[in-house]
Amino acid sequence: MKKYEGIDYSFKPQDYWIDKDVLQAILRNVKGAERRKMIKAYYEAGNFQELEESFSKVSLSEEERSRLGSIHPMFMGGEYLPDYARDETEIARIELKSVMADVVSIRARLDDDTIHYSVVDEHGGKFTLETEYGFEPFSIADLIRFIDGTDLDSGWGGGLALTFNNANAEAQDREDLLYFTTVSSDIYTDLEKHYDQVFLEWAREEEEVLEN
């Protein structure tokens, strides 16, 4: 695993189920990608109380999803993720700039003293995990190894972060796919910064091949 400057790869949360601030508590397990962005925008502007109550729900009803989808298909992103099991929470997510703004959710579930990890998407995809359980939260380095070592069984290699870029690279230039995939976490705030560098280097690989 390559490390980049300005990132504390040793960071490890005390607990996945303790919110560090009010915003994290509000966002916890909210599925929809666009709803999450709206919640953040309203909260940071001091107008959260003006946001329609349904927008901050963990899951929407079929009627509410249809209403959002009628505005634009991108509003469906994340809304069809599986419901959370008891004592399960999202620790990171992968968002795609696909037509339906698909989301992959990385989750942790507490069972006695054991943390069980899982990865789910909106299409019933099957994933081969780098590890299935542990006894304490990941450090950011551990989480990156988990993401890079976990594959979508019908995917295109490269781990969870790069598999979707690889899938589109035959039809599009890598530079055009630079922002296709976003890897982020409300718990590991440097995770997105790390993968921004990963995607940049992935795009540059094509440039180097063309130059040679």
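- Judged as a side-chain hydrogen bond (donor to acceptor under 3.5 Å, both in side chains), and not counting sequence neighbours, Lys40 has no contacts.
- Partners of Glu95 under the side-chain contact (heavy atoms from CB on, under 4.5 Å) rule, at least two apart in sequence or in another chain, are Ala33, Lys37, Arg93, Val103.
- Between Ser118 and Glu88, the shortest heavy-atom contact is OG-OE2, 3.5 Å.
- With sequence neighbours left out, the side-chain contact (heavy atoms from CB on, under 4.5 Å) criterion links Ser154 to Leu152.
- Every residue was checked against the side-chain hydrogen bond (donor to acceptor under 3.5 Å, both in side chains) condition with Asp121, not counting sequence neighbours, and none meets it.
- Residue pairs meeting the ring pair (Phe, Tyr, Trp, His ring centres under 6.0 Å) criterion with at least one member in residues 104-123, sequence neighbours excluded: Tyr117-Phe138, Tyr117-Phe146.
- When hydrophobic side chains of Ile, Leu, Val, Met, Phe, Trp and Tyr are connected at separations under 4.5 Å, Val99 ends up as a singleton with no cluster partners.
- Under a 4.5 Å side-chain heavy-atom criterion applied to ILVMFWY residues, the cluster that includes Tyr133 comprises Phe135 as well.
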Give every donor-acceptor pair under 3.5 Å between a side-chain atom in residues 155-162 and any protein atom, sequence neighbours left out.
none

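- If you take CE on Met74 and CG on Leu96, they are separated by 15.0 Å, rounding to the nearest 0.5 Å.
- Not counting sequence neighbours, Ser70 has no partner by the side-chain contact (heavy atoms from CB on, under 4.5 Å) test.
- Side-chain contact between Val22 and Phe48: absent, with no pair of heavy atoms (C-beta onward) separated by less than 4.5 Å.
- Ser59 approaches Asp83 most closely through the heavy-atom pair OG-OD1, 3.3 Å.
- Across every non-hydrogen atom of Pro73 and Met100, the tightest pair is CB-SD, 3.9 Å.
- Contact check on Glu90 versus Arg107 returns no salt bridge, with no Lys/Arg side-chain nitrogen under 4.0 Å from an Asp/Glu carboxylate oxygen.
- Within 6.0 Å of CD in Glu50 there are more than 12 heavy atoms belonging to other residues, nucleotides or ligands.
- Under a 3.5 Å cut-off, the side chain of Asp153 and the backbone N or O of Thr128 do form a donor-acceptor pair.
- Rounding to the nearest 0.5 Å gives a distance of 10.0 Å between CG of Asp111 and CZ of Arg86.
- For Glu52, the side-chain contact (heavy atoms from CB on, under 4.5 Å) test picks out Ser54, Phe55, Arg67, with sequence neighbours left out.
- Using a cut-off of 4.0 Å between Lys/Arg side-chain N and Asp/Glu carboxylate O, Arg145 and Glu130 are scored as not salt-bridged.
- Counting heavy atoms from C-beta on, the side chains of Arg174 and Asn165 never come closer than 4.5 Å.
- At least one side-chain heavy atom of Ile94 sits less than 4.5 Å from a side-chain heavy atom of Thr181.
- Leu68 and Tyr42 fall within the same hydrophobic cluster, where Ile, Leu, Val, Met, Phe, Trp and Tyr residues are linked whenever their side-chain heavy atoms come under 4.5 Å apart, directly or through other members.
- Ser139 and Asp142 are linked by a side-chain donor-acceptor pair at a separation below 3.5 angstrom, with hydrogens and angles left out of the test.
- Counted by atom type alone, Asp112 and Thr114 present zero donor-acceptor pairs between their side chains at under 3.5 Å.
- Shown here for Pro137 and Pro13, the closest heavy-atom pair between the two residues is CG-O, 3.5 Å.
- For Trp202 and Asn166, the side-chain atoms include at least one donor-acceptor pair closer than 3.5 Å.
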Evaluate the criterion salt bridge (charged side-chain N to carboxylate O under 4.0 Å, His left out) for residue pair Asp190 and Lys193; output intermediate values, then yes/no. CA-CA 5 Å; Asp190 278 342; Lys193 185 188 300 184; 3.7 Å; yes
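- Between Ile7 and Lys3 the shortest side-chain heavy-atom distance does not fall below 4.5 Å.
- Side-chain contact between Tyr188 and Ile144 is absent, with no heavy-atom pair separated by less than 4.5 Å.
- A 4.5 Å side-chain heavy-atom check between Glu34 and Glu79 finds every atom pair outside the cut-off.
- The CD1 atom of Ile18 sits 12.0 Å away from the OG1 atom of Thr89 when rounded to the nearest 0.5 Å.
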CA sep, side-chain torsions, deciding dist, call: Leu51, Met38, side-chain contact (heavy atoms from CB on, under 4.5 Å): CA-CA 8 Å; Leu51 187 64; Met38 291 181 67; 4.1 Å; yes
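- The salt bridge (charged side-chain N to carboxylate O under 4.0 Å, His left out) analysis of residues 14-26, with sequence neighbours excluded, yields the pairs Asp19-Arg28.
- Scanning both residues, Glu122 and Ala101, for their nearest heavy atoms gives OE2-O, 4.3 Å.
- The line from CD of Gln172 to CZ of Phe180 is 7.5 Å long, rounded to the nearest 0.5 Å.
- A 4.5 Å side-chain heavy-atom check between Asp8 and Ile140 finds every atom pair outside the cut-off.
- Residues Val120 and Met76 fall into different hydrophobic clusters, defined by Ile, Leu, Val, Met, Phe, Trp and Tyr side chains chained together at heavy-atom separations under 4.5 Å.
- Atom CD of Gln49 sits in a crowded spot, with more than 12 heavy atoms from other residues, nucleotides or ligands closer than 6.0 Å.
- Ser61 and Glu64 share a donor-acceptor pair across their side chains, judged by distance under 3.5 Å alone.
- Members clustered with Val58: Tyr84, by chain and number, using a 4.5 Å side-chain heavy-atom cutoff among hydrophobic residues.
- A single hydrophobic cluster is seen to contain both Val119 and Ile187, as judged by linkage of ILVMFWY side chains at heavy-atom distances under 4.5 Å, directly or through other members.
- Looking only at side-chain heavy atoms (C-beta outward), Leu60 and Lys31 stay at 4.5 Å or farther from each other.
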Audit row: Phe127, Val104, side-chain contact (heavy atoms from CB on, under 4.5 Å) steps and yes/no: CA-CA 11 Å; Phe127 298 85; Val104 178; 4.2 Å; yes
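- Atom CD of Glu63 is surrounded by 12 or fewer heavy atoms from other residues, nucleotides or ligands within 6.0 Å.
- With hydrogens and angles left out, the side-chain atoms of Asp148 and Tyr195 include a donor and acceptor closer than 3.5 Å.
- Interatomic distance, CG of Leu143 versus OH of Tyr9, reported as 11.5 Å (0.5 Å rounding).
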With side-chain contact (heavy atoms from CB on, under 4.5 Å) as the criterion, how do Val198 and Tyr4 come out once you've worked through the C-alpha distance, each side chain's angles and the decisive distance to 0.1 Å? CA-CA 9 Å; Val198 170; Tyr4 302 97; 3.9 Å; yes
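- Within the 3.5 Å criterion, the main-chain N or O of Phe164 finds a donor-acceptor partner in the side chain of Asn168.
- Residues Leu23 and Trp17 fall into different hydrophobic clusters, defined by Ile, Leu, Val, Met, Phe, Trp and Tyr side chains chained together at heavy-atom separations under 4.5 Å.
- The closest donor-acceptor contact from the side chain of Ser98 to the backbone of Asp102 lies under 3.5 Å.
- One finds the OH atom of Tyr16 at 4.0 Å from the CD1 atom of Ile91 (value rounded to the nearest 0.5 Å).
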